[in-house]
Amino acid sequence: MRKATPRDPRIDVVETLSLTELTMFCDTNADWVVTLVEHGVVAPVTRTAPEWEFTPTHIARARKAARLMRDLGLNVAGVALVLDLIEERDALARKLAVMGMAD
């Protein structure tokens with residue numbers, strides 16, 4: 001397992017990425033992003049395809065989707081299921097932590 005490297009505090013926080021920027025960030029193409037949107041893996045802020053903007057939450061989901069597809073060979077439906085299960089697990093872990101029941 002790799003150690004996390006500290007992030008440069010001077011890096012600006014990204015509020016949104018355009019469709020083109022997201023394709024570059026995930027090293028993929030627009031058709032792949034359209035497929036993710038069609039399957040509900042990510043959702044753009046705006047509804048008109050050429051002007052799509054994606055929030056940090058969906059940028060992270062797209063990046064995770066790219067890794068799952070590349071590393072595990074999952075299809076889009078499998079990626080959607082895995083990402084939903086991960087988010088559900090994380091939400092349950094947060095609830096347990098608030099209740100003081102986490103390890």
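Here the structure is a predicted model, which means the values were calculated and not measured.
- Using a 4.5 Å heavy-atom threshold, the side chains of Phe54 and Val37 count as touching.
- A pairwise comparison of heavy atoms in Ala66 and Cys26 identifies CB-O, 4.4 Å as the closest pair.
- In this structure, OG1 on Thr55 lies 4.5 Å from NE2 on His58, to the nearest 0.5 angstrom.
- Closest non-hydrogen pair, Ala30 versus Leu19, comes out as CB-CD2, 4.2 Å.
- Rounding to the nearest 0.5 angstrom, the gap separating the CG atom in Leu36 from the OG1 atom in Thr28 is 8.0 Å.
- The distance from the CG atom of Asp84 to the CZ atom of Arg89 is 13.0 Å, given to the nearest 0.5 Å.
- Atoms CD and OG1, on Glu21 and Thr16 in that order, are 7.0 Å from each other to the nearest 0.5 Å.
- Counting heavy atoms from C-beta on, the side chains of Glu53 and Leu17 never come closer than 4.5 Å.
- Inter-residue side-chain proximity for Arg94 and Val98 is flagged as unmet; no heavy-atom pair is nearer than 4.5 Å.
- Of all heavy-atom pairs between Met69 and Val76, the closest is CE-CG2, 3.7 Å.
- Residues satisfying the salt bridge (Lys or Arg N to Asp or Glu O under 4.0 Å) test with Glu87, not counting sequence neighbours, are Arg61.
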### Task
Could you walk me through whether Val79 and Lys64 pass the side-chain contact (heavy atoms from CB on, under 4.5 Å) test, one step at a time?
CA-CA 9 Å; Val79 165; Lys64 289 175 189 175; over 6 Å; no

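- For the atom pair CG of Leu72 and CZ of Arg70, the computed distance is 9.5 Å after rounding to the nearest 0.5 Å.
- A 6.0 Å sphere centred on CG of Asp90 holds more than 12 heavy atoms belonging to other residues, nucleotides or ligands.
- The shortest side-chain heavy-atom distance between Thr23 and Trp32 does not fall under the 4.5 Å cut-off.
- Looking at Val45 and Trp52, their side chains never come closer than 4.5 Å, going by heavy atoms from C-beta outward.
- The side-chain heavy atoms of Leu68 and Leu83, taken from C-beta on, include a pair separated by under 4.5 Å.
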